Amino acid sequence: MRRQAVYAPNGVVATSQPLAAQAGLAMLREGGSAVDAAVAAAVTLTVVQPGSNDIGSDLFALVWDGQRLHGLNASGRAPAALTRELLAAGGESPTDALGAAQAQAALAPPSRGWLPVTVPGAPAGWRDLHDRFGRVPFERLFADAVSYAEHGWTVSPTVAANWARSVRLHSGLTQAECRAWADVFAPDGRAPRPGERFRNPGAAQALRLIGGSHADAFYHGEIAHALAAHAAATGGLLTADDLARHESTWVEPMRADYRGFSVYELPPNGQGVAALQAFALLDGLAGHGLHEQIEAMKLGFADAHAYVADPAAGPVPDLLEPGYLAARRALIGPRAGDPPPGDPMRGGTVYLAAADSDGMMVSLIQSTYMGFGSFVVLPEYGFTLQNRGAGFSLDPAHPNVAAPGKRPFHTIIPGFLCRDGAAVGPFGVMGGHMQPQGHLQLILSTVDEGLDPQAALTRPRWYWHTARQVEVEPEFDPDLVSDLRERGHEVTVADDRSTFGMGQAIWCLPDGAGYVAGSEPRGDGQAAAY
């Protein structure tokens, strides 16, 4: 996994797929802003990494405009017809071995089919970012993505492997509305192999319409009408009114301080506060090692899973209040704790970072979730709809309980690092439950050890699953593993690296010399620079 950091005097785009990174870089070379580059890369990712994101995704972003940080929540809301009772009727029990009472208590929302589909927010997010910070024409940002979808692109090994897993999963689904997915994404009865060319002319048409209409076609025009008609014909709850009512929300980023640096995340309905709480807990300790890092992360997750919900539906408690943090910090002892487990979720997500010669920087993440989302496609337009409704709770007393028009708990979180009020840069790590843990480990390697972004991203990672269960990558220091086991952690060495996420980061170089960037060595990531 050896890879060198990328240094750039003018600008850089770092993401999980080289074709998308190059699409973003093209915008920078044309005089576009970092937001233009980020949106072009994001749009292209829907084509060249379809299992992880699509036109039917949600999106979150942090933008440093050169002076201050802005946050965009471009996640969608539940259809007006969705109720907790409807979602529970199609719920999934995690195991057949549970008794009836336990199974009811453990019931989770369905993860595939129409029921977990919420309004896709990504197209509106692309538009809203461009409206505020873009320089080149909006339609121009779609050119590479449309070309790849129309004429084909060569499938990379990581994308092919994830695609093949989704084909196997799809073969076991029983929902009638999921059958058409294979017509678009497995027309030969299998996933494309590495090096094969794949075309999606329907997606090309959808992207032309979105780019040409400034996303209006998706929420009010041709695509909106087609989506509503398809839902009505196949048992979906999504309507033309649901799409027309959608809007993004500009929000104030949340912050936690750590060793003289400030880490920023977006506020709920995302889980970024879990990472911020871990940073704040560790900052109050005189010193900390791996054990304390894991314990702080457990506490952050316990609170996030208990309290994070759509703030428009009710107030979210201040999980970063100093007195509350002091009480939580006191729970970190010398032995592995067992906080109430949340609901660890694995995701299908893409992350990207971009920076331009004027000092604008973008941290952007978008996702359909769980690999190809709901497996519901709009066939003639070649894209999958997300399944973010699977993030709702079915507990009537939980703040994240499913309700009409509500945003669900989200796993995807972009991050941003500052020091003394000045930007250091954007960062992110993909992978559902791994994301706050990846944020913590990346920033600790940067701040405590002085590593560059590439070295920090390459470091072997740990992953807390639930209770005392911790997984580590094979290269992890055996002495640290032994110490964790002596403290009561149940540590296993994993052979599947997909657990540990993939990410990117871009840091400002001193004295305005440019940027240094890293991209994930666990996948196909690339930092494209000029």
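In this chain, residues are counted from 1 in sequence order. Quick caveat: nothing in here was measured; it's all calculated off a predicted structure.
- Not one N or O on the side chain of Tyr148 forms a donor-acceptor pair closer than 3.5 Å with the backbone of Thr154.
- Every salt bridge (charged side-chain N to carboxylate O under 4.0 Å, His left out) that Arg461 has, sequence neighbours left out, goes to Glu520.
- Using a 30° and 60° split on the angle between ring planes, Phe427 and His439 fall in the perpendicular class, above 60°.
- Residues Thr411 and Arg388 have side chains that bring a donor and an acceptor to within less than 3.5 angstrom of each other.
- Thr15 and Gln504 form no side-chain donor-acceptor contact under 3.5 Å, judged by distance and modelled atom types alone.
- Leu62 and Pro253 get closest at one heavy-atom pair: CD2-CG, 3.7 Å.
- Under the 30°/60° scheme for interplanar angles, the aromatic rings of His170 and Phe375 are found to be tilted.
- The CG atom of Leu378 sits 9.5 Å away from the CD1 atom of Ile55 when rounded to the nearest 0.5 Å.
- Listed for the Thr44 side chain is a donor-acceptor partner under 3.5 Å among the backbone atoms of Ala40.
- A distance-only check finds a donor-acceptor pair linking the side chain of Gln17 to the backbone of Leu19 [under 3.5 Å].
- Classified by interplanar angle (parallel below 30°, tilted 30° to 60°, perpendicular above 60°), the ring pair Phe218/Phe383 is tilted.
- Counting only residues at least two apart or on different chains, no salt bridge (charged side-chain N to carboxylate O under 4.0 Å, His left out) pair has a member in residues 12-24.
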Which pairs would a plain distance check flag for residues 21-36, meaning a side-chain donor or acceptor within less than 3.5 Å of a matching protein atom at least two apart in sequence or in another chain?
| unit_1 | atom_1 | unit_2 | atom_2 | d |
| --- | --- | --- | --- | --- |
| Glu30 | OE1 | Arg140 | NE | 3.3 |
| Glu30 | OE2 | Arg140 | NE | 3.3 |
| Glu30 | OE2 | Arg140 | NH2 | 2.5 |
| Ser33 | OG | Val35 | N | 3.3 |
| Ser33 | OG | Asp36 | N | 3.2 |
| Ser33 | OG | Asp36 | OD2 | 3.3 |
| Ser33 | OG | Phe133 | O | 2.9 |
| Asp36 | OD1 | Arg135 | N | 3.3 |
| Asp36 | OD2 | Ser33 | N | 2.9 |
| Asp36 | OD2 | Arg135 | N | 2.7 |
| Asp36 | OD2 | Val136 | N | 3.2 |

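- Applying the salt bridge (charged side-chain N to carboxylate O under 4.0 Å, His left out) test to pairs two or more places apart or on separate chains, none has a residue in residues 46-55.
- Counting heavy atoms from C-beta on, the side chains of Phe372 and Leu169 never come closer than 4.5 Å.
- For the residue pair Pro268 and Met254, the shortest heavy atom distance occurs at CD-SD, 3.8 Å.
- Counting heavy atoms from C-beta on, the side chains of Tyr369 and Gln386 never come closer than 4.5 Å.
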_side-chain contact (heavy atoms from CB on, under 4.5 Å), that's the test. Do Leu129 and Leu364 meet it? Break it down for me._
CA-CA 10 Å; Leu129 286 167; Leu364 185 152; 3.7 Å; yes
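- Taking Asn73 as the reference, Ser75, Asn269 meet the side chain to side chain donor-acceptor pair (under 3.5 Å) condition, with sequence neighbours excluded.
- At a threshold of 4.5 Å between non-hydrogen side-chain atoms, the residues Arg522 and Met430 do not count as touching.
- The closest donor-acceptor contact from the side chain of Asp358 to the backbone of Met360 lies at 3.5 Å or more, if one exists at all.
- Checked by atom type, the side-chain pair Ser363/Tyr351 shows a donor-acceptor distance below 3.5 Å.
- The heavy-atom pair separating Trp507 from Pro453 by the smallest distance is CD1-CG, 3.1 Å.
- Annotation: salt bridge (charged side-chain N to carboxylate O under 4.0 Å, His left out) contacts of Arg245 (sequence neighbours excluded): Asp242.
- When side chains are defined from C-beta on, Asp524 counts as touching Pro157, because their heavy atoms get closer than 4.5 Å.
- Gln205 is listed as a side-chain neighbour of Glu222, based on a closest heavy-atom distance under 4.5 Å.
- Listed by chain and residue number, Ser16, Ser52 satisfy the side chain to side chain donor-acceptor pair (under 3.5 Å) test with Gln49 (two or more places apart in sequence, or in another chain).
- Gln175 places a side-chain N or O within 3.5 Å of a backbone atom of Arg112 that can act as its donor or acceptor partner.
- Gln454 contributes no side-chain N or O that, together with a main-chain N or O of Val516, makes up a donor-acceptor pair within less than 3.5 Å.
- In terms of heavy-atom proximity, Ala191 sits nearest to Ala160 at CB-O, 4.4 Å.
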_Between Leu86 and Leu237, does the side-chain contact (heavy atoms from CB on, under 4.5 Å) criterion hold? Intermediate values first, please._
CA-CA 10 Å; Leu86 278 173; Leu237 302 177; 4.2 Å; yes
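- Among residues two or more places apart in sequence or in another chain, the side chain to side chain donor-acceptor pair (under 3.5 Å) test is passed with Trp114 by Thr234.
- Applying the ring pair (Phe, Tyr, Trp, His ring centres under 6.0 Å) test to His246 and every residue at least two apart in sequence or in another chain returns Tyr219.
- Of the N and O atoms on the side chains of Trp126 and Gln366, at least one donor lies less than 3.5 Å from an acceptor on the other residue.
- Looking at heavy atoms from C-beta onward, Pro120 lies in side-chain contact with Leu385 at the 4.5 angstrom threshold.
- In summary, the side chains of Arg3 and Thr458 do not present any donor paired with an acceptor at a separation below 3.5 Å, with no hydrogens or angles considered.
- For the pair Arg132 and Trp250, the distance from NZ or CZ to the six-membered ring centre is under 6.0 Å and the angle to the ring normal is within 45 degrees.
- Side-chain contact check for Thr384 versus Val377: some heavy-atom pair is nearer than 4.5 Å.
- Shown here are the ring pair (Phe, Tyr, Trp, His ring centres under 6.0 Å) partners of His130, two or more places apart in sequence or in another chain: Phe138, His214.
- Here CD1 of Ile412 is found 6.0 Å from OG1 of Thr349. Values are rounded to the nearest 0.5 Å.
- Note: Leu266 CG to Gln271 CD = 12.0 Å, rounded to the nearest 0.5 Å.
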*Please test Phe500 against Gln437 for side-chain contact (heavy atoms from CB on, under 4.5 Å), starting from the C-alpha separation and ending with a verdict.*
CA-CA 9 Å; Phe500 300 95; Gln437 305 184 61; over 6 Å; no
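- Of the possible polar contacts, one joining the Asn400 side chain to the Phe409 backbone as a donor-acceptor pair under 3.5 Å is found.
- The nearest pair of heavy atoms linking Phe185 to Pro50 is CE2-CB, 3.9 Å.
- Here salt bridge (charged side-chain N to carboxylate O under 4.0 Å, His left out) pairs that include residues 62-71, with residues two or more places apart or in two chains, are Arg68-Glu252.
- Taking the side chain as every heavy atom from C-beta outward, Leu442 and Leu457 approach each other to under 4.5 Å.
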Would you be so kind as to tabulate the donor-acceptor pairs closer than 3.5 Å made by side chains of residues 196-203, with sequence neighbours excluded?
| unit_1 | atom_1 | unit_2 | atom_2 | d |
| --- | --- | --- | --- | --- |
| Glu196 | OE1 | Arg190 | NH1 | 3.1 |
| Glu196 | OE1 | Arg193 | N | 2.9 |
| Glu196 | OE2 | Arg190 | NH2 | 3.1 |
| Arg197 | NE | His151 | O | 3.2 |
| Arg199 | NE | Glu150 | O | 2.7 |
| Arg199 | NH2 | Glu150 | O | 2.9 |
| Asn200 | OD1 | Ala203 | N | 3.2 |
| Asn200 | ND2 | Gly382 | O | 2.8 |

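- Scanning all heavy atoms of the two residues, the minimum distance from Val12 to Ala529 falls at CG2-CB, 4.0 Å.
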